[in-house]
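All values below were derived from every heavy atom in this structure, side-chain atoms included, with hydrogens, water molecules and symmetry-related copies excluded. All of these numbers come straight from a predicted model, not from anything done at the bench.
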Amino acid sequence: MLGLRYSLPYLPQTSKLFSKRPTNVVVCAARGPRPRSPRVWKTRKRIGSISKAAKMLACIKELSNVKEEVYGALDSFIAWELEFPLVIVKKALAVLEDQREWKKIIQVTKWMLSKGQGRTMGTYFSLLNALAEDNRLDEAEELWNKLFMEHLEGTPRKFFNKMISIYYKRDMHHKLFEVFADMEELGVKPNVAIVNMVGKVFLKLGMKDKYEKLMMKYPPPQWEFRYIKGRRVKVKAKQLNELSEGEGGFSSDEDKTGSEIESKYEMLSNEEASQDGEDLSEEDEEEGLSLNQRHIGTSREPCLDHLDSS
């Protein structure tokens, strides 16, 4: 009899059917981001704030000091700006301050304040300094009184220093004492320059007892703290003759010129005395040589006794 048997089906290898990495994936040889071509719509060069400040100065430099002309030129300069260019105006003011253009500084600062921009203590201090340098004392006092009444205890010490120096240069001693009294009432400690100016006024008016009390109350500091790269560092304090003009280390022009003249006169007198001494010594040496050559023909050494007696 014939027997029928079913054979097992043929199954291929499963490893070939279910491979981990498909063969249809293309692997790129280049690694990293794709290089991009430069954008065509940004070909124009950007204008920085320094060049814009230079253009702003060029707009108002050739104008007269008439308020309407300067304000009109500044308004036309910022007409197409979306926001008020505060950084540009600040850099322009810094350049004008280096050039000592006080009238332009006053006009630009007042124009900026009229726009409601830049109302900081630094702006008011630069305006106060420009008014004082331009000999507009009434406006400077008005600005000072306004700031002092608004802030009072928050008034920075450099404002007191500036007002005291203004009154000191103009020999307005009564107002100088008023500002110094306000400092003491508010508890603002004066620096070395303020103490020196007030002390000189006391000596000038013959108040030696008040000068001694002032020096006893505010002696010159030996050390001070400064912030260098964000760290509080103790350094040796500067004396008054080492301070710069911005720090308040200056006196009246007459004292400065007088000291310079005296120092130059002393230097010249010392040089003339040294030159006269050298000339006299040379003449004495020549006379000694001639006498020795007469007495001793072969000897050329000067007579030491003669030089000592001279």
Side-chain angles (χ1 to χ4, degrees), residues 121 124-125 128-129 131-227 232-267 269-270:
M121 300 305 290
Y124 289 123
F125 182 77
L128 180 66
N129 185 29
L131 290 171
E133 294 292 339
D134 200 29
N135 294 324
R136 297 162 70 168
L137 187 59
D138 297 335
E139 296 183 21
E141 288 181 342
E142 183 180 357
L143 178 62
W144 157 249
N145 293 327
K146 180 182 177 182
L147 293 173
F148 186 67
M149 293 301 294
E150 287 181 358
H151 301 280
L152 202 61
E153 296 180 357
T155 306
R157 186 173 63 180
K158 64 179 182 179
F159 282 85
F160 293 101
N161 191 3
K162 188 63 184 177
M163 293 306 299
I164 288 176
S165 65
I166 289 171
Y167 293 142
Y168 178 76
K169 287 182 178 180
R170 291 165 176 80
D171 294 332
M172 303 173 70
H173 302 152
H174 181 67
K175 293 186 176 180
L176 185 145
F177 291 147
E178 288 181 356
V179 177
F180 187 71
D182 292 335
M183 287 186 66
E184 289 190 333
E185 288 181 3
L186 295 175
V188 180
K189 186 177 180 180
N191 56 6
V192 182
I194 295 175
V195 174
N196 183 72
M197 285 186 282
V198 177
K200 282 186 177 181
V201 174
F202 281 147
L203 291 177
K204 190 174 182 180
L205 298 177
M207 303 178 182
K208 293 184 178 180
D209 53 346
K210 292 187 177 181
Y211 174 77
E212 292 176 357
K213 290 181 180 179
L214 179 69
M215 291 301 168
M216 288 291 291
K217 188 175 182 180
Y218 302 108
Q222 298 295 330
W223 301 92
E224 64 182 1
F225 291 95
R226 291 190 178 184
Y227 288 92
R232 193 166 180 255
V233 182
K234 185 179 180 181
V235 296
K236 192 173 182 180
K238 290 184 179 181
Q239 300 299 325
L240 185 68
N241 52 4
E242 299 177 358
L243 292 173
S244 60
E245 184 177 354
E247 296 175 346
F250 57 90
S251 60
S252 62
D253 297 334
E254 296 178 357
D255 296 339
K256 189 181 294 184
T257 53
S259 61
E260 290 177 358
I261 291 171
E262 289 178 359
S263 61
K264 289 181 180 179
Y265 179 76
E266 291 177 357
M267 291 174 62
S269 61
N270 293 331

Which heavy-atom pair separates [X] from [Y] by the least distance, and what is that distance?
{"X": "S165", "Y": "M197", "answer": "CA-SD, 3.9 Å"}
{"X": "R157", "Y": "P190", "answer": "NH1-C, 4.2 Å"}
{"X": "E184", "Y": "Y218", "answer": "OE2-OH, 3.3 Å"}

Roughly how far, to the nearest 0.5 Å, is [atom2] of [Y] from [atom1] of [X]?
{"X": "D134", "Y": "E139", "atom1": "CG", "atom2": "CD", "value": "8.5 Å"}
{"X": "N196", "Y": "Y168", "atom1": "CG", "atom2": "OH", "value": "7.0 Å"}
{"X": "M121", "Y": "T155", "atom1": "CE", "atom2": "OG1", "value": "6.0 Å"}
{"X": "Y124", "Y": "L147", "atom1": "OH", "atom2": "CG", "value": "6.5 Å"}

Evaluation steps, ring-ring contact (aromatic ring centres under 6.0 Å, His included), between W144 and F160
CA-CA 9 Å; W144 157 249; F160 293 101; 5.3 Å; yes
Are any of the side-chain heavy atoms of [X] and [Y] separated by less than 4.5 Å?
{"X": "L214", "Y": "F180", "value": "yes"}
{"X": "I166", "Y": "M172", "value": "no"}
{"X": "K175", "Y": "E141", "value": "yes"}

Over 60° means perpendicular and under 30° means parallel, so classify the ring planes of F177 and F202, tilted if in between.
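Parallel, since the angle between the ring planes stays under 30°.
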Verify the neighbour count for atom NZ of K210: are there more than 12 heavy atoms of other residues, nucleotides or ligands below 6.0 Å?
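No - once you tally the heavy atoms of other residues, nucleotides and ligands closer than 6.0 Å, there are 12 at most.
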For E150, does the CD atom have more than 12 heavy-atom neighbours from other residues, nucleotides or ligands under 6.0 Å away?
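Yes.
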Between H173 and Y167, is a side chain to side chain contact (heavy atoms under 4.5 Å, CB included) present by the stated rule, with each step listed?
CA-CA 7 Å; H173 302 152; Y167 293 142; over 6 Å; no
